[in-house]
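In the text below, chain A, chain B and the rest are named by the order of the sequence lines, each starting its count at 1.
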Protein chains: 2
Amino acid sequence: MRRDSRLSRTLHLLLHMERFAQPATSEHLAGMLQTNPVVVRRMMQGLKAAGLVQAARGHGGGWTLGRPLVEITLLNVHEALGSTVVFNIGLSEDDPKCLVEQAVKARLSDAMEAAEKELLDRFAGITLAEISQDFEERMQGLGLDAALPPICQPPAAKG
Amino acid sequence: MRRDSRLSRTLHLLLHMERFAQPATSEHLAGMLQTNPVVVRRMMQGLKAAGLVQAARGHGGGWTLGRPLVEITLLNVHEALGSTVVFNIGLSEDDPKCLVEQAVKARLSDAMEAAEKELLDRFAGITLAEISQDFEERMQGLGLDAALPPICQPPAAKG
DNA sequence: TCTCTCGCAACCTTTCTTGTTACAGAAATT
DNA sequence: AATTTCTGTAACAAGAAAGGTTGCGAGAGA
């Protein structure tokens with residue numbers, strides 16, 4: 001487990017969920033990610049708190065979208081996932097005493113905060129609806145019917 | 001040890017090294033970082049290969065700068081440190097079969113590669129000489145003489 | 001020769017993300 | 001009411017990555 005892959009995985013799930021008629025159980029979703037249902041529930045907690053998804057317990061329960069994909073940006077999901085350190089490179093000390101280190105920290109922090117802001121700005125400008133449309137174009141490109149299958153691993157296109 | 005702090009630590013060392021009359025030993029440098037000499041040597045290997053620093057063995061040996069600070073950018077140091085994963089957030093799979101996941105990956109990769117490029121562009125535009133000057137201004141701001149001390153933890157300014 | 005220094009391999013520790021197990025609680029079905 | 005399906009959570013294990021530590025070899029000057 002190298003890097004935090006929750007954003008990628010969560011987007012994957014949300015896009016599939018939109019195409020389900022029924023609520024998707026944690027077990028069902030976990031099957032798509034090839035992981036454990038508890039991992040799914042854990043990821044989903046923040047999204048539930050943010051209103052991006054809803055959870056229903058008991059028979060016939062599971063996960064449903066809290067609002068349409070067009071109203072969900074990558075930034076929404078990223079923030080709903082909770083504290084995520086964006087960069088793997090970082091400072092050695094929080095509050096350096098050494099003036100040299102302070103000068104280093106000032107420049108590095110500036111550059112990294114700016115880069116992080118630009119990344120998050122990009123995230124804010126991308127809705128899940130756009131990605132869903134991209135998916136549909138990929139389906140059409142393979143000659144498959146995008147309306148049909150709530151598939152995760154589509155069959156290879158047949159010539 | 002959370003994040004990769006080699007860039008921050010290395011910059012710290014290089015800036016101090018410029019102010020030394022003698023080569024700085026790994027042990028000396030390690031003292032500044034409050035770590036082990038081996039950690040310093042390990043970080044320095046890439047910089048040596050890139051010509052940013054030189055190593056001398058034996059009596060009176062140690063580390064010296066390979067070229068003036070004005071000719072060293074943050075990008076030079078970053079790249080000399082070797083394979084560094086810039087982002088902590090990442091994709092869940094390298095080569096997803098699922099078309100939904102492919103669409104997700106495409107958008108995420110685009111955004112992150114663009115953000116990474118911008119960060120590295122920023123790094124390329126900052127020389128160590130600029131940070132050194134920033135340091136000197138901080139010294140003057142405290143009423144200290146920047147020319148004097150090869151200090152790491154400066155004494156508190158006296159009123 | 002002796003001492004100082006880097007070079008390098010091997011191993012340990014800490015931390016982070018993810019995976020797993022176990023059980024409690026809520027809701028629909030029987 | 002009992003049972004079956006669900007989510008909610010805590011607790012712990014596994015695996016990877018960064019950094020720390022030790023030990024020893026080799027080069028270079030005194």
Residues 31-71 of chain A vs ring-ring contact (aromatic ring centres under 6.0 Å, His included), sequence neighbours excluded, gives none

I want to check one thing: is the phosphate of C:dG19, taken as OP1 and OP2, less than 4.0 Å away from some side-chain N or O of A:Gln34? no

For the pair A:Asp110 (side chain) and A:Arg107 (backbone), establish whether a donor and an acceptor sit closer than 3.5 Å, ignoring hydrogens and angles. no

Students often get this wrong, so: under 4.0 angstrom with heavy atoms, is B:Glu27 touching a base, only sugar-phosphate, or nothing? nothing

What is the distance, rounded to the nearest whole Å, between atom CH2 of A:Trp63 and atom P of D:dT7? 7 Å

Which heavy atom of B:Gly90 sits nearest a heavy atom of A:Ser8, and at what distance? O-CB, 3.7 Å

Identify whether any heavy atom of A:Arg42 sits under 4.0 Å from a base atom; if not, whether one sits that close to sugar-phosphate; answer base, sugar-phosphate or nothing. base

Per the side-chain contact (heavy atoms from CB on, under 4.5 Å) rule, which among B:His12, B:Met17, B:Met43 passes with B:Leu29? B:Met17

With nearest nucleotides of DNA chain C determined for B:Pro37 and B:Asn88 from heavy-atom distances, which residue corresponds to the more 5′ nucleotide? B:Pro37

Just how far, in rounded Å, is P of D:dT7 from CG of A:Leu13? 12 Å

Measuring from the side chain of B:Thr25 (C-beta onward, heavy atoms only), which nucleotide among D:dG8, D:dG19, C:dC6 has the closest atom? C:dC6

To the nearest Å, how far apart are B:His28 NE2 and C:dC6 P? 12 Å

Any B:Ser26 side-chain nitrogen or oxygen under 4.0 Å from OP1 or OP2 of C:dT5: no

Using a 4.0 Å heavy-atom cut-off to protein, can you give one letter per nucleotide of nucleotides 22-30 of chain D, 5' to 3': B if the base is in contact, S if only the sugar-phosphate is, - if neither? B--B-BBS-

Would you mind reading off the distance between A:Gln45 atom CD and D:dT7 atom P, rounded to a whole angstrom? 10 Å

N/O donor-acceptor pair under 3.5 Å between B:Thr25 side chain and B:His28 backbone: yes

Rounded to whole Å, CD of A:Gln22 lies from P of D:dT7 at a distance of 14 Å

Does B:Thr127 offer a backbone N or O that forms a donor-acceptor pair with the side chain of B:Glu130 under 3.5 Å? yes

Integer-rounded Å distance: C:dC6 P and B:Met43 CE: 13 Å

So, is A:Lys48 near the phosphate of D:dG8, with a side-chain N or O under 4.0 Å from OP1 or OP2? yes

From CZ of A:Phe87 across to P of D:dA18 the rounded distance in Å is 16 Å

Tell me whether B:Glu18 contacts the main-chain N or O of B:Pro68 through its side chain, where contact means a donor paired with an acceptor under 3.5 Å. no

Measuring to OP1 and OP2 of D:dG19, would you say a side-chain N or O of B:Thr35 lies under 4.0 angstrom away? no

Gap between atoms CG and C1', on A:Leu7 and C:dT17 respectively (whole Å): 15 Å

